[in-house]
Amino acid sequence: MALSATTTLPHAVDSVAAVFINEDFQRHTSQFVGGTLESFEVAGDVDGVFSTTSVRTLPTTRLPEIARKFVGEKLTVTQVENWDAPAADGSRQSNITLKIAGAPLDVTAVQRLVSEGGSTRIELEGNVTSSVPFLGGKIAEAAEPMVAKALNIQSQQAQAWLESH
């Protein structure tokens, strides 16, 4: 199933990127959805090529029943973001993978922070797949709206974070 979302924040790319790689912000977004940030790590120089790894425990209460049967009451989600160096105009791109412990789902996405004057257009495109024979398509289809919502929360919460910090 395909993921696709675009939003614009009235802040420069470097400010938006700094929020996305801030451990306190990651903890806030985890708690916002009823979860816990178990760990967060930045590897490399954030002014160039770097990666982040976050591990969250999230409740499954909002997942479709078909998904809850496979994963139980909580999910452990590992999100890895591999960030490219900034482009000449400051735009950035990260390749995102989500692994959900005990769930037969794979999520890959590309997030672009595109500089538009003093604003940032956040573009997210990706895919949700499942390796379960015969039911994989239905599982991915059921999970896609929740995965898309989870990835979009980061963009939505970044606006509020930038205005309050």
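All heavy atoms count here, side chains included; hydrogens, waters and symmetry mates do not. In this text, all values refer to a predicted model and were calculated from it rather than measured experimentally.
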Indicate yes or no for a side-chain donor-acceptor contact from [X] to the backbone of [Y] under 3.5 Å, with no hydrogens or angles considered.
X: Thr120; Y: Leu9; result: no
X: Ser91; Y: Ser115; result: yes
X: Gln26; Y: Phe20; result: yes

Nearest heavy-atom pair of [X] and [Y]: which atoms, and what distance?
X: Ser94; Y: Glu81; result: OG-OE1, 4.1 Å
X: Phe40; Y: Ile21; result: CE2-O, 3.4 Å
X: Gly48; Y: Arg92; result: O-NH2, 2.6 Å

Would a 4.5 Å heavy-atom cut-off, applied to side chains only, mark [X] and [Y] as touching?
X: Trp83; Y: Val42; result: no
X: Arg56; Y: Thr36; result: no
X: Val107; Y: Gln79; result: no
X: Gln156; Y: Thr7; result: no
X: Leu162; Y: Val16; result: yes

Give the intermediate values and the outcome of side-chain contact (heavy atoms from CB on, under 4.5 Å) for residues Thr53 and Thr78. CA-CA 7 Å; Thr53 303; Thr78 302; 4.0 Å; yes

Do the rings of Trp161 and Phe25 sit parallel, tilted or perpendicular, given the 30° and 60° boundaries? perpendicular

Check step by step if side-chain hydrogen bond (donor to acceptor under 3.5 Å, both in side chains) holds for Thr29 and Gln154. CA-CA 7 Å; Thr29 56; Gln154 182 175 17; over 6 Å; no

